[in-house]
2 protein chains.
Amino acid sequence: MMRPTRNGAQLITNTQGSAPGTGPQPADFTDVRATNLAVVLRFVRENAPCSRADIAASTGLNKATVSSLVADLIDRRLLRETGLTENRVGRPATMLVLDGSPYAAVGIEVNVDYLTAVAVDLKGEALLSWRRSFPGGSASAGQAVAGIAGVARRVVTRMTKEARQVLGLTVAVPGLVDLTGSVRLAPNMGWRDVDLAGDLAKVLRDPGFPVLVDNDANLGALAELRFGPHGGVRDLVYLTGEIGVGAGIVLDGRLRRGGAGFSGEIGHIEIVPGGPPCHCGRRGCLEVVAGLGALLDRTVPGGVSPAELEPEIDEVVQRAEAGDPVVLDLLDTLAGNLGRGVGIVANLLNPEVVVLGGYYVKLAPWILARVEQEMLARTLAPGGGGCRLVVSGLGYGAAALGAAARVLDSVDSGRLPAPA
Amino acid sequence: MMRPTRNGAQLITNTQGSAPGTGPQPADFTDVRATNLAVVLRFVRENAPCSRADIAASTGLNKATVSSLVADLIDRRLLRETGLTENRVGRPATMLVLDGSPYAAVGIEVNVDYLTAVAVDLKGEALLSWRRSFPGGSASAGQAVAGIAGVARRVVTRMTKEARQVLGLTVAVPGLVDLTGSVRLAPNMGWRDVDLAGDLAKVLRDPGFPVLVDNDANLGALAELRFGPHGGVRDLVYLTGEIGVGAGIVLDGRLRRGGAGFSGEIGHIEIVPGGPPCHCGRRGCLEVVAGLGALLDRTVPGGVSPAELEPEIDEVVQRAEAGDPVVLDLLDTLAGNLGRGVGIVANLLNPEVVVLGGYYVKLAPWILARVEQEMLARTLAPGGGGCRLVVSGLGYGAAALGAAARVLDSVDSGRLPAPA
DNA sequence: GTTTGTTTGGTCGTTAGACGAACTAACTCT
DNA sequence: AGAGTTAGTTCGTCTAACGACCAAACAAAC
């Protein structure tokens, strides 16, 4: 068996929210420990059930070190010993799995018309999945905060009843979210400069876990990265197909949020110069030529109300299935425009995978081929630079799931709960 | 004085070219040491001259640890003690500076018509800057490799004569370079699948230093990051203004190359649907509506020969200075199109800075304002999300300088020369 | 000049934690 | 039963950061 190379790992140092301009943090022994604990945790996540010996062989860590790390993780109730292996030569191995029972990660997705809450255990398995209607578009920001906090509280009490400790809460918002978790602009919600993370922490008064806020597309990308069928992909772009279009950008294995946290605003890239007007005041934005709001405006007489997005999409699907030439033509045009947007992404970022999410999933049978064809035709690198176009399998709760995944990510990168 | 927080630094672990899919590398003590050596080295680079006590106070490392690390770096001839401080209360401090004398980092920029070689010392100060004409467009790849190797050899012997050890050589190429340093496609050079890094290493037969190859825009971005006046910027995009247009993308402090290394191909994003044809076979690419090759085709009668790019640009500048309305109009159109490209970048990546490089520098007086205006008008985030547009001050050797910076980067991130 | 205070930088002992080797445990196969 | 194999633990070693202390070298106050 090949011993893995050990050339230059990146230590986890306590640089969570380090000020920009702060150079690289110095490291000490606790960083080594944190790094290795995270390594073992992630290995078990990806290879459960597995033995201490497996971990040592695959990671290159010493057997003794692995034993110590595993004991630590068991103390923290992150791992659990399960049965022994049988029918094998040699001493049977005690297998290890993630302990699903003591913790929960909570994600809430805020939308114009509804609010989705999910909780998952350490393994990422769903514990709870709620969907409530929610007057996000019409309520004030304060009311919205109260509504979100109410749901969060109910989720937390439910988890507490199951004897689970909540490790964190992340809220997904469709809009520009800065790096502090403050919503700078969310047109569909009618929000501007709402310090959602701060307000929520205040309303939940000392919840005992971190409260984060991020963009829905970013969190959708995290959901795909963790729960999607893309083994070990390090460069991925997720596209939300809602009323608007947003992108979540993962490069080298991590979300890239840009200088202020506003990356991924692909929806307002100009695709058709002089094209139809967009609510943002410009013309020909990707959102108006490949977004679903604009599509429905053209297929549904009398315009689209955000609250009724899903049934209207279903109607489009039915008409497409029935072969309605008007709808098929609109979908083909949409696919062409979307393909041009994907082509831009492929040229500029060269991701391994672009995932179509949201309602694009339902429309995939009629748009996927054309989108891919346009993307390939527009990338300089042969074969799109290896970029694959796939359809999300996560359904509509992707951002909420990604919000929960965000919590698990912080655990995986070293923020472990204290031992009992 | 505030003690810096020490919460979660990222250790340098020996993961230079770790296989994709390989999880995070486990860490051991040597990683801690490497991380801290790099921290001290970088601190001195940014704060020279400074004392051991300064380093300890600012980094949070223990004084004893700093002494040990500094001794190690002095052994490796990376640091040097200089004089003592005077006229201060207390014991005078022995000041430390980067030792400029024993090492050199070499960068070579390959272009269609010329070849630029630079060498810098540890401080980044230029030791040598050559520019040779070079029949890159007409020669075969093999001849080109021989030519590059020849120049490299001369630089190395020159450095050796000055008693300097060459720490590495990086070659900048205008084209698609994969992650192994193989040139997949360089239209202007007429190259396809040339394993430049491998071939050079072979021709230089065991040069004793690593030979890397990267895209010219990527390396331009590194040059801006290290030598440009952008203090501590973590998200930056560099645009090359040559015959074509390329982008080098830095996010969270590091180059992001994409899954295959082909990121940054902004030149072949479709800006004007149905626009003028591009040599790549498509229409309306940024390159043909904002590239300098296309500009010169319209201003210089009889088309442009790549070998004469600079004088022709100078002629455009003269005509612009003279107020030639045709040229001014063309430049304004170019600026509008370029601004749309920059707007795409700002929306998608939200960099703190976009740097215009190459020959855009000479044209800046006539294009900068319009480019910025278009960029701001097209970004969803207010104020362009904080994105500043600046002109490079590095001149034409930016990619070569960045190639050398690439070598220094690898030193800064822990790849230190062995002690004497 | 003497004293006092301040700052630098080094020494020494402590400690965390990874590593290697040896060892024990528990099984299968012959 | 014995040989072979694999798992996991124990123990001693070693690296390197850390805290405390100390001597050196200066300025300022007296």
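Letters A, B, ... are given to chains in the order of the sequence lines, protein chains preceding strands, and every chain is numbered from 1. No hydrogens, no waters, no symmetry mates; every other heavy atom, side chains included, goes into these values.
- A side-chain N or O of Arg52(B) and one of Thr94(B) form a donor-acceptor pair less than 3.5 Å apart.
- Side chain of Val89(B), nearest nucleotide from dA27(D), dT9(D), dT8(C): dA27(D).
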Task: Stepwise salt bridge (charged side-chain N to carboxylate O under 4.0 Å, His left out) test for Arg254(A) and Asp252(B) - done: CA-CA 10 Å; Arg254(A) 296 192 53 173; Asp252(B) 293 324; over 6 Å; no
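- By the side-chain contact (heavy atoms from CB on, under 4.5 Å) test, Leu179(A) pairs with Arg257(A), sequence neighbours left out.
- Between the CZ atom of Arg52(B) and the P atom of dT11(C) there is a distance of 11 Å, rounded to whole Å.
- Taking the side-chain contact (heavy atoms from CB on, under 4.5 Å) definition, one finds that Pro210(A) meets it with nothing, sequence neighbours left out.
- The ring pair (Phe, Tyr, Trp, His ring centres under 6.0 Å) pairs that include a residue from residues 49-95 of chain B number zero, where partners must be two or more places apart or lie in different chains.
- Of the candidates dA18(C), dT8(C), dG17(C), dA18(C) carries the atom nearest the Asp28(B) side chain, counting heavy atoms from C-beta on.
- Among the nucleotides dT24(C), dC19(C), dG9(C), the one closest to the side chain of Arg91(A) is dT24(C).
- Here dG19(D) presents its P atom at 6 Å from CG of Asn62(B), a figure rounded to the nearest Å.
- Between the P atom of dA16(D) and the CG atom of Asp31(A) lies a distance of 15 Å, rounded to the nearest Å.
- Distance CG (Leu84(A)) to P (dA26(C)): 10 Å, rounded to an integer number of Å.
- Applying the salt bridge (charged side-chain N to carboxylate O under 4.0 Å, His left out) test to residues at least two apart or on different chains, none of the pairs has a partner in residues 57-66 of chain B.
- Within residues 63-75 of chain B, the residues approached by DNA chain D to less than 4.0 Å at the level of any non-hydrogen atom are Ala64(B), Thr65(B), in residue-number order.
- Minimum atom distance to the side chain of Ala93(B) is reached by dG9(C), of the listed dA18(C), dG9(C), dC18(D).
- Toward the 5' end of DNA chain D, the nearer of the two residues Pro92(B) and Phe29(A), judged by each one's closest nucleotide, is Phe29(A).
- Summarising the geometry, the separation between CD1 on Ile55(B) and P on dG9(C) is reported as 9 Å, rounded to the nearest angstrom.
- Taking side-chain N and O atoms only, Arg33(A) has a distance below 4.0 Å to OP1 or OP2 of dA18(C).
- An OP1 or OP2 oxygen of dG9(C) is reached within less than 4.0 angstrom by a side-chain nitrogen or oxygen of Thr94(B).
- Between Asn36(A) and the phosphate of dA18(C), there is a side-chain N or O to OP1/OP2 separation shorter than 4.0 Å.
- Every residue meeting the side-chain contact (heavy atoms from CB on, under 4.5 Å) condition with Val407(B), not counting sequence neighbours, appears here in chain and number order: Ala105(B), Leu167(B), Thr170(B).
- Distances shown here put a side-chain N or O of Ser51(A) below 4.0 Å from the OP1 or OP2 atom of dG8(D).
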